[in-house]
Amino acid sequence: MENNNTRRNFLKQTAILSTGTIIGSSLFNSALASENTLKFENQFREQDTVDVQGNYILPKLPYAYDALEPHIDKMTMEIHHSKHHQAYVTNLNKAIETLDKNALEHSKSLESIFAKMSKFPEAVRNNGGGHYNHSLFWSLMKPNGGGNPKGKLGDAIMSTFGSFDEFKKQFSDASMKRFGSGWAWLVVQDGKLLIGSTANQDNPLMRLRGKGLKGKPVLALDVWEHAYYLKNQNRRADYIASFWNVVNWEAAEVLFNS
């Protein structure tokens, strides 16, 4: 029963926060009010991210490797998903196996781990973050995506940043200024939208000692070189520009409203 509950929780995480924050059932049901939200939820319903033994597994992409062409190329997507993300999953399972059973407090949800991240070893931090971040990233892109966000998220972006163009500028700046490898984020912090970035595979859900971006993820962009180097080489700016053509704003809306 415990494994089934863990699996059920993890499937819900993939549907809404892609292996991350669990949304309460009432909020989840209300989020399904719109047709776009329903399509998004159904898109991920059948994705298994935990097997029957409770081990993390690589989630399937909701689209083909070449579906984001010409903006994100097929070879990059295939290697990024099947090699890089798979490595995080494999190494996360290995890292979890080394922990004392009581350390997880009977839950392997990444949200519960991130809430006490400073108590876990670096291997859990790096690979748990890698698994969560990538699962979220895949869900936040789609073929024929892009355009302007609508609904409550679109209103909040306009209210916070003054215009969509200004939001894009600030998000792109955060993506460009992240030194080395990391992620750019749009999060909800204390009820307000905030743009920031994290290093390596850290994310805003992790409770770490010291300063750092905190909040509920709404949008994420992977700015590790392996996310874009095959097509764009060192031109990170070109990759960021391409991202705006594949953003899944319906998925971001679900995250914002949760």
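Quick caveat, the model's predicted, so the values are computed rather than measured.
For the pair Trp224 and Asn133, the minimum side-chain heavy-atom distance is 4.5 Å or more. Between Phe243 and Phe171, the closest side-chain pair of non-hydrogen atoms falls below 4.5 Å. No side-chain heavy atom of Leu255 sits under 4.5 Å from any side-chain heavy atom of Pro217. In this structure the side chain of Val124 reaches within 4.5 angstrom of the side chain of Met117, judged on heavy atoms. Residues Ser197 and Leu221 are not in side-chain contact: their nearest non-hydrogen atoms beyond the backbone lie 4.5 Å or more apart. Taking the side chain as every heavy atom from C-beta outward, Glu250 and Lys142 approach each other to under 4.5 Å. Counting heavy atoms from C-beta outward, Pro143 and Val246 have side chains that stay 4.5 Å or more apart.
In this structure a side-chain-to-backbone donor-acceptor pair under 3.5 Å is present from Lys231 to Pro70. Panel note: side chain Asn203, backbone Gly129; no donor-acceptor pair is recorded below 3.5 Å. Judged by distance alone, with hydrogens and angles left aside, the side-chain atoms of Ser112 form a donor-acceptor pair with the main-chain N or O of Ser109 at under 3.5 Å. Within the 3.5 Å criterion, the main-chain N or O of Gln86 finds a donor-acceptor partner in the side chain of Thr90.
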Can you check side chain to side chain contact (heavy atoms under 4.5 Å, CB included) on Asn126 and Tyr88, steps first, answer last? CA-CA 8 Å; Asn126 293 336; Tyr88 288 119; 5.7 Å; no
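Applying the side chain to side chain donor-acceptor pair (under 3.5 Å) criterion to Gln170, with sequence neighbours excluded, gives Glu166. With sequence neighbours excluded, the residues that form a side chain to side chain contact (heavy atoms under 4.5 Å, CB included) with His85 are Leu58, Pro59, His81, Val89, His131, His134, Ser135, Trp138. Take Ala174 and apply the side chain to side chain contact (heavy atoms under 4.5 Å, CB included) test, not counting sequence neighbours, and it matches Ile195.
Identified under the salt bridge (charged side-chain N to carboxylate O under 4.0 Å, His left out) test for residues 234-247, with sequence neighbours left out: Arg235-Asp238. Within the structure, salt bridge (charged side-chain N to carboxylate O under 4.0 Å, His left out) contacts touching residues 62-71 (residues at least two apart or in different chains) do not occur.
We find the CG-CG distance between Leu140 and Asp222 to be 12.0 Å, quoted to the nearest 0.5 Å. To the nearest 0.5 Å, the span separating CG on Asn93 from OG1 on Thr98 amounts to 11.0 Å. A distance of 10.0 Å separates CG of Asn148 from OG of Ser163, quoted to the nearest 0.5 Å. Met75 CE to His80 NE2: the interatomic distance, rounded to the nearest 0.5 Å, is 15.0 Å. Within the model, atoms OH of Tyr63 and OG of Ser139 stand 7.5 Å from one another, a figure rounded to the nearest 0.5 Å. In this structure, Thr160 OG1 and Asp155 CG are separated by 10.5 Å, a value rounded to the nearest 0.5 Å.
Ion pair Asp165/Lys169 not flagged as a salt bridge, since none of the NZ, NE, NH1 or NH2 atoms sits closer than 4.0 Å to an Asp/Glu carboxylate oxygen. Looking at Lys94 and Glu97, no side-chain N of the basic residue comes within less than 4.0 Å of a carboxylate O on the acidic one, giving no salt bridge.
Between Tyr239 and Tyr228, the angle of the ring planes stays under 30°, which puts this pair in the parallel group of the 30/60° scheme.
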Anything under 3.5 Å between a donor and an acceptor, one on a side chain of residues 179-191, the other on a protein residue two or more places apart or in another chain? List them.
residue : atom : partner : partner atom : Å
Trp183  : NE1  : Asn200  : O            : 3.4
Trp183  : NE1  : Gln201  : OE1          : 2.8
Trp185  : NE1  : Thr198  : OG1          : 2.8
Gln189  : NE2  : Lys214  : O            : 2.8

